[in-house]
Participant: 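Pasting a structure here, questions to come.
Both backbone and side-chain heavy atoms feed into the values below; hydrogens, waters and symmetry mates do not.
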Amino acid sequence: TQSVKINGEKVTKRECYAKALQLYPEDCRSWHLLGLSLDPKETFSVNGEKMTKKQCYVKALKHGSRYSTYWKNLGFILGTEEKIEVNGSSVGKKECYIRALENHSKDATTWDLLGNHLEKEETVTVNGKVFTKQQCFVRALEIDPKPLYWYSLGTTLSPVNPSWIDRIF
């Protein structure tokens, strides 16, 4: 682990964030960065309280709910059906991605993540507009035409010749 000496004492990245939070517990950036530095099951003590990655993201959102990256990162680590309370609301993966996009609608990765967690005919509303799984992937591609987003879109399309599939099975 990389560290630096301050007044003769070695401190790590996580200890820097913990010190910032000791001085200013509402620092959403330090909560988020501490969360990023932790493995999913790992804990780190902040102001005498052991914190998990999820708890750090929830604290970051308590003090900085307008930051789309915080919502996206929390959504990414939640289980498929898992819900967690953030600022008085119970949210899951999809809700986190929707909130991320409501704060920053030009994030192609979040559109792709949201699309991947929708059922075929399911719709979601983002900033007053309704989107299907396929439309989420199209939106991702409009922002950034990465191969992964093309792949995601392709999974929503019917085979060119369905009778060919019937012959295989």
Participant: First locate atom CG of Leu114, then atom CD of Glu95, and finally report the distance between them rounded to the nearest 0.5 Å.
Facilitator: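 One gets 10.0 Å once the value is rounded to the nearest 0.5 Å.
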Participant: How long is the gap from CG on Leu61 to SG on Cys96, to the nearest 0.5 Å?
Facilitator: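 That separation rounds to 7.5 Å.
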Participant: I need the minimum non-hydrogen distance between Pro25 and Trp31, along with the two atoms involved.
Facilitator: O-NE1, 2.8 Å
Participant: Quick check: closest heavy atoms across Gly64 and Cys28, and the distance to 0.1 Å?
Facilitator: N-CB, 3.9 Å
Participant: Calculate, to the nearest 0.5 Å, the distance between atoms CG and CG belonging to Leu148 and Leu141 respectively.
Facilitator: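 Rounded to the nearest 0.5 Å, the CG-CG separation comes out at 9.0 Å.
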Participant: Would you compute the distance between atom CG of Asp27 and atom CD of Gln22 and round it to the nearest 0.5 angstrom?
Facilitator: 13.0 Å
Participant: Tell me whether the count of non-hydrogen atoms from other residues, nucleotides or ligands lying under 6.0 Å of NZ in Lys83 goes above 12.
Facilitator: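 More than 12 heavy atoms, drawn from other residues, nucleotides or ligands, come within 6.0 Å of this atom.
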Participant: If the condition is side chain to side chain contact (heavy atoms under 4.5 Å, CB included), which residues does Lys120 pass it with, not counting sequence neighbours?
Facilitator: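 For Lys120 there are no side chain to side chain contact (heavy atoms under 4.5 Å, CB included) partners, ignoring immediate neighbours.
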Participant: Apply side chain to side chain donor-acceptor pair (under 3.5 Å) to Ser68 and list each qualifying residue two or more places apart in sequence or on a separate chain.
Facilitator: none
Participant: Scan residues 49-65 for pairs that pass salt bridge (charged side-chain N to carboxylate O under 4.0 Å, His left out), counting only residues two or more places apart or in two chains.
Facilitator: Lys54-Glu82
Participant: CD1/Ile98 to NE2/His117 distance, rounded to the nearest 0.5 angstrom?
Facilitator: 12.5 Å
Participant: Output yes when a side-chain donor or acceptor of Lys93 lies under 3.5 Å from a complementary backbone atom of Leu78, and no otherwise.
Facilitator: yes
Participant: Checking Thr132 side chain against Gln135 main chain: does a donor-acceptor pair fall under 3.5 Å?
Facilitator: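 It does hold such a pair.
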Participant: Donor-acceptor pair, distance only, cut-off 3.5 Å: does the side chain of Arg14 make one with the backbone of Phe44?
Facilitator: no
Participant: So, for Cys56 and Met51, which heavy atoms are closest and what is the spacing to 0.1 Å?
Facilitator: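 Between these two residues, the closest heavy atoms are SG-CB, 3.9 Å.
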Participant: Taking the six-membered ring for Trp and the full ring for Phe, Tyr or His, determine whether the centres of Tyr97 and Trp111 are under 6.0 Å apart.
Facilitator: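 Ring centroids of Tyr97 and Trp111 are no less than 6.0 Å from each other.
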Participant: Quick one: which residue pairs count as a side chain to side chain donor-acceptor pair (under 3.5 Å) with a foot in residues 143-157, not counting sequence neighbours?
Facilitator: Thr109-Tyr149, Asp112-Ser152, Gln134-Thr156
Participant: Restricting to pairs with a member in residues 98-107, which pass side chain to side chain donor-acceptor pair (under 3.5 Å), not counting sequence neighbours?
Facilitator: Lys72-Asp107, Asp107-Thr110
Participant: Looking only at heavy atoms, which two atoms of Tyr17 and Leu33 are closest? And how far apart?
Facilitator: CZ-CB, 3.5 Å
Participant: Atom CG in Leu36, atom OH in Tyr57: separation rounded to 0.5 Å?
Facilitator: 4.0 Å
Participant: Would you say the side chains of Asn73 and His32 form a donor-acceptor pair under 3.5 Å?
Facilitator: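 Side chains of Asn73 and His32: pair found under 3.5 Å.
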Participant: Hydrophobic clusters join Ile, Leu, Val, Met, Phe, Trp and Tyr when side-chain heavy atoms are under 4.5 Å apart, directly or via other members; which others share one with Val11?
Facilitator: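 Members other than Val11 - counting any ILVMFWY side chain reachable under 4.5 Å - are Val4, Ile6.
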